[in-house]
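Have a look at the structure below before the remarks.
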Amino acid sequence: MALIAPTITSLPCSVSKHSNNPPTFLISKFHNAVASSSSAKTANRMLSSCVYSPVSSILKKFDHKTSIEYSHKLNIKKVKNILVSNRDDPFENLEMINAIQGLGIDLYFRHEIDQTLHMIYKEPTHFYGRDLREVALCFRLLRQEGYYVQESIFENILDKKGGLEDDPKNDVKVLIELYEASELRVEGEETLDGVRDFTFNCLNELCSGRKSHQEREIMSSLAQPRHKTLRRLTSIRFMSMIKIAGQEDKEWLQSLLLVAEIDSIRLKSLIQEEMSQIFKWWRELNLEKELEKARNQPLKWYTWSMEILQDPTLTEQRLDLTKPISLVYVIDDIFDVYGEWDHKGLETLPRYMKVCFEALDMITMEISMKICKSHGWNPTDYLRKSLNWFKPYLQYNIFVSQWASLCKAFLIEAKWFHSGYLPNTEEYMKNGVVSSGVHLVMLHAYILLGEELTKEKVELIESNPGIVSSAATILRLWDDLGSAKDENQDGTDGSYVECYLNEYKGSTVDEARTHVVQKISKEWKRLNRECLNPSPFSRSFSKACLNIARTVPLMYSYDDDQRLPGLDEYLKSLM
């Protein structure tokens, strides 16, 4: 989702040592009111102005939809046949798999990709005698699919000074692939830490004085490594790089580009339809009129669910997930702006709190009934706590305790910041991980994906497992690196940076920010570990957790005007 940031050529020649460059200014954790719509008229105008991307000149020769569909299926079949024919030497498929994933069309080749990677993984001797770029590429492709490939395959490439034995300092492709592979490292992998540092430094040195397309490729990888970047962002960049480098002459690559182009058109149409439904739902909910100072950002809320659940077949799940996400934002605003959330009876609550409770109750019960109908599993069976203060507002079900925990975390923050109390960093993070809302959102995602719903599984996902808490920590820390006040809000909030500066007297803002970036890097390592096999969670849920972490930079990279130009640009590209 090259769309998010300014054009690649505008990137500086020196990139921060930490991937997915965080914003460089200190601001609060209020989210920017981007892409909001204050009225049905605005929403309809936005949707009616949508223009699809023009198809390529090759596609223009087709006269009707049937011909395009036939061509689409034919190109998919061509690529599948090549992937199958290379079974004797699965390494031959690595470049194709890399291109398929780079273009974001792996949904069409899932079986063939899984088969190829499994064949390589079960026979480690495949790694022997391969060149360094191939080994790095294979390592990355396997790890990102959950295969735990040992870092030892890289042990012999580093010399005692931290450089590479076979010095590839001027081989851009090798350095980029090694750098990209190192972004999948986990805690304790010192060899990969060394590979990452060495390749980062080399690539930074090489980013000037190169041919323009090579410089762009280097800067793109440094600023947005593929593993930590949303697939739709990398697909645009990948397609651009292919064309700049003049690689379209490969027959299989031509087929892939055509598949990607048709898929892109289909995807935009689907997203626009889903956006339209979200606008309609939000208008009918009518919370906008009742909560004048709360955020009104249906497109931003939908973007979260669109990126967390990327499978095109999951339309209903994305629409349902957007609803609790919207309430997380709205309830956060009630605490931040109004500064309260009384635990008294519903009849005594202010009007703005009543309507919020009613909306929350309706959304929760609607999702619960869908789950019961689709999976024959009633969420009410697993409620383990009696939450007396919350009882008047929601029916008992699996989501209740998580909404209660979120509200309590918001209340703690409201008390802290309205009383002027600044907690230490540990106290702040313990509460901040909960107030991020990630656990609540991923609980909904888990249920909506139709994951295994046994008592043990439900208890596991309710316990805030590492795969969720790491994503939540990444979000909270990224959020706190920036501080942007929404245009319609008057509330105050704090950040980890402020807590750090207060706890460690004499520290500078730059030191505090460096510490935060290091913590983010550490949490990415933990998240990488949680996504490796064996895992108690499915690949679809693991990828959803990865995707929420990948979406964070899109949502929190503010500019000097406290706006989100990357998100604005991305949403425009879909309209």
Side-chain angles (χ1 to χ4, degrees), residues 22-23 25-32 291 293-295 327-344 348-350 352-353 356 387-390 401-440 464 469-470 472-486 488-520 522-523 552 555-556 558 562:
F25 19 82
L26 179 63
I27 12 180
S28 93
K29 68 176 180 145
F30 272 109
H31 316 287
N32 181 37
L291 298 166
K293 293 185 178 181
R295 275 165 283 197
L327 267 294
V328 170
Y329 275 87
V330 169
I331 293 173
D332 188 13
D333 291 344
I334 288 176
F335 282 104
D336 286 338
V337 179
Y338 297 95
E340 62 173 338
W341 187 290
D342 236 332
H343 295 179
K344 300 176 183 177
T348 65
L349 295 180
Y352 64 83
M353 291 173 67
C356 190
L387 301 165
N388 294 325
W389 72 269
F390 214 60
S401 60
Q402 300 308 321
W403 279 112
S405 296
L406 180 68
C407 289
K408 287 179 179 178
F410 286 157
L411 183 60
I412 288 171
E413 288 183 348
K415 288 179 177 178
W416 282 347
F417 301 119
H418 284 280
S419 67
Y421 173 72
L422 204 56
N424 62 41
T425 53
E426 182 179 355
E427 186 181 10
Y428 174 83
M429 283 305 299
K430 183 178 179 180
N431 191 73
V433 167
V434 179
S435 68
S436 71
V438 170
H439 187 202
L440 178 76
N464 202 9
S469 63
S470 287
T473 302
I474 290 169
L475 186 149
R476 169 54 65 228
L477 291 172
W478 254 97
D479 187 349
D480 290 350
L481 275 172
S483 158
K485 227 180 175 184
D486 279 355
N488 298 321
Q489 301 201 359
D490 303 316
T492 57
D493 218 330
S495 75
Y496 183 92
V497 172
E498 292 176 69
C499 296
Y500 183 92
L501 292 172
N502 183 63
E503 183 175 350
Y504 298 96
K505 304 295 185 183
S507 298
T508 65
V509 171
D510 285 344
E511 288 171 343
R513 293 178 59 79
T514 297
H515 172 73
V516 171
V517 172
Q518 289 171 345
K519 286 182 67 68
I520 292 173
K522 188 174 183 179
E523 288 302 324
V552 167
M555 297 297 191
Y556 298 107
Y558 297 102
Q562 298 182 354

Could you list the residues that satisfy side chain to side chain contact (heavy atoms under 4.5 Å, CB included) with Ile412, not counting sequence neighbours? Trp416, Asn431
Asn424: which residues meet the side chain to side chain donor-acceptor pair (under 3.5 Å) condition with it, sequence neighbours left out? none
Who pairs with Thr425 by side chain to side chain contact (heavy atoms under 4.5 Å, CB included), at least two apart in sequence or on another chain? Tyr496, Cys499, Tyr500, Glu503
Quick one, Leu481 and Val517 - any side-chain contact, counting heavy atoms below 4.5 Å? yes
Can you name the side chain to side chain donor-acceptor pair (under 3.5 Å) partners of Thr473, sequence neighbours left out? none
Atom CG of Leu411 and atom CD1 of Ile331: how far apart are they, to the nearest 0.5 Å? 12.5 Å
Would you say that Glu511 contacts His515 through its side chain, given a criterion of any heavy-atom pair below 4.5 Å between the two side chains? no
Can you list the residues that meet the side chain to side chain contact (heavy atoms under 4.5 Å, CB included) rule with Lys430, with sequence neighbours excluded? none
Look up atom NZ in Lys415 and atom CZ in Phe335, then write down how far apart they are to the nearest 0.5 Å. 9.5 Å
Is the closest side-chain heavy-atom distance between Glu523 and Ser469 below 4.5 Å? no
Residue pair Arg476 / Tyr428, side-chain heavy-atom distance below 4.5 Å: yes
Less than 4.5 Å apart, any side-chain heavy atom of Leu440 and any of Val328? yes
Minimum heavy-atom separation for Leu501 and Ser507, please, with both atom names. CD2-O, 3.4 Å
List in chain and number order the residues that pass side chain to side chain contact (heavy atoms under 4.5 Å, CB included) with Ser419, two or more places apart in sequence or in another chain; answer none if no residue qualifies. Tyr421
Nearest 0.5 Å, what's the NE2-CG distance between His439 and Leu406? 11.0 Å
Validation row: Ser436, Asp479 side chains within 4.5 angstrom (heavy atoms): no
